[in-house]
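So the structure is just underneath, and the comments pick up after that.
One-based numbering along the sequence shown.
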Amino acid sequence: MMTRIVIAGPRGNMGREAVTMVTETEEFELVGVIDRKHDGMNMNDVDGYPQLDVPIFSDAEECFQKVEPDVLIDLTNPQTGKVHMKQALLNGVRPVIGTTGFTDDDVEELSKLAEEKELGAIIAPNFAIGAILMMKFSQMAAKYMPDVEIIEQHHDKKLDAPSGTAVKTAQLISEVRESKEQGHPEEEETLRGARGADFEGMRIHSVRLPGLVAHQEVIFGGEGQALKIRHDSMNRRSFMPGVKLACEAAMKMNVLVYGLEHIIE
């Protein structure tokens, strides 16, 4: 049975890769895209789009009602992603959201709506399966090595810092690690921010440079030893196996899941 999919943000770097992934997946069918430009046109009528006979909508609700998709893949931004996710659930569409910036209150509200509608939904701070494994391995290590710092590196067009992946990593570690201050008790920053953000005593450092895509290293220190767990995404295509997995999982669930680590055994 084909899964009918709509993609929001098809002109972005991630969106273009998602269009390719969906059209190359035998059991997926791309039935529409949501774009603030080119409303009412088809993808094959617009320069820069793949030559596909797929309608373009600027209004998400109109798109959902006209093409009746099973799944929405949203790769836009936090503000738009939140709106699209709620509209999708209200229209019986299963959302797979690849933006960060959702608050605990947002997740609670959307979780209730997903359960009420009995629809699967996924919010993923990171779709790279290797990054999910990095987070899981870091949580395992933190049980035995609670002194830890996180260094995340991204391209210079990224808007949020720290990244959603870094925050999610810290949250997972905090589930097995008691909050504690690290470093010397009389430590003083001679330049503000030198020690990075503080998450329950863990330090998170954000690097933003052109040429980077998405990279994270989790460093653990112990008596006479150190452990480093690192993941690197070299290009946006690295995220597509995770997007595909999320779409497949959303079709089998009736609750909201925050983070791909919950659907990877």
Lys136 side chain to Glu261 backbone, donor-acceptor under 3.5 Å: yes
Any donor-acceptor pair under 3.5 Å from Arg195 side chain to Asp198 backbone: no
With Leu256, the side-chain contact (heavy atoms from CB on, under 4.5 Å) member among Ile97, Ile122, Val107: Val107
Closest heavy-atom pair and its distance - Ala142, Val176: CB-CG2, 3.9 Å
Lys180, NZ atom: more than 12 neighbouring heavy atoms under 6.0 Å: yes
Derivation and outcome, salt bridge (Lys or Arg N to Asp or Glu O under 4.0 Å), residues Arg237 and Glu17: CA-CA 6 Å; Arg237 196 165 183 83; Glu17 293 291 354; 3.2 Å; yes
Validation row: Leu172, Ser138 side chains within 4.5 angstrom (heavy atoms): no
Candidate pair Glu152 and Arg208, rule salt bridge (Lys or Arg N to Asp or Glu O under 4.0 Å), full reasoning: CA-CA 9 Å; Glu152 57 94 350; Arg208 297 290 178 267; 2.8 Å; yes
Nearest atoms (heavy-atom pairs only) where Ser58 meets Ile34: O-CG2, 4.3 Å
From Arg236, Met240, Met14, Lys244, residue fulfilling side-chain contact (heavy atoms from CB on, under 4.5 Å) relative to Phe127: Met14
Distance-minimising heavy-atom pair for Leu52 and Thr23: CD1-CG2, 3.7 Å
Those residues that, when tested against Lys82, pass side-chain contact (heavy atoms from CB on, under 4.5 Å) (two or more places apart): Phe102, Asp106
Shortest non-hydrogen contact between Pro162 and Ile204, atoms and distance: CB-CG2, 3.6 Å
Residues Lys252, Glu248: salt bridge by 4.0 Å N-O rule: no
Distance-minimising heavy-atom pair for Leu119 and Leu89: CD1-O, 3.6 Å
Hydrophobic cluster partners of Met2 (side-chain heavy atoms under 4.5 Å): none
Val19 with Val67, same ILVMFWY side-chain cluster at under 4.5 Å: no
For the student: nearest non-hydrogen atoms of Arg203 and Gly196, plus distance: NH1-O, 3.2 Å
Ionic contact status for Glu109 with Lys86, cut-off 4.0 Å: yes
Side chain to side chain donor-acceptor pair (under 3.5 Å) evaluation trace for Asp74 with Thr76: CA-CA 6 Å; Asp74 187 287; Thr76 56; 2.6 Å; yes
Glu24 CD: over 12 foreign heavy atoms closer than 6.0 Å: yes
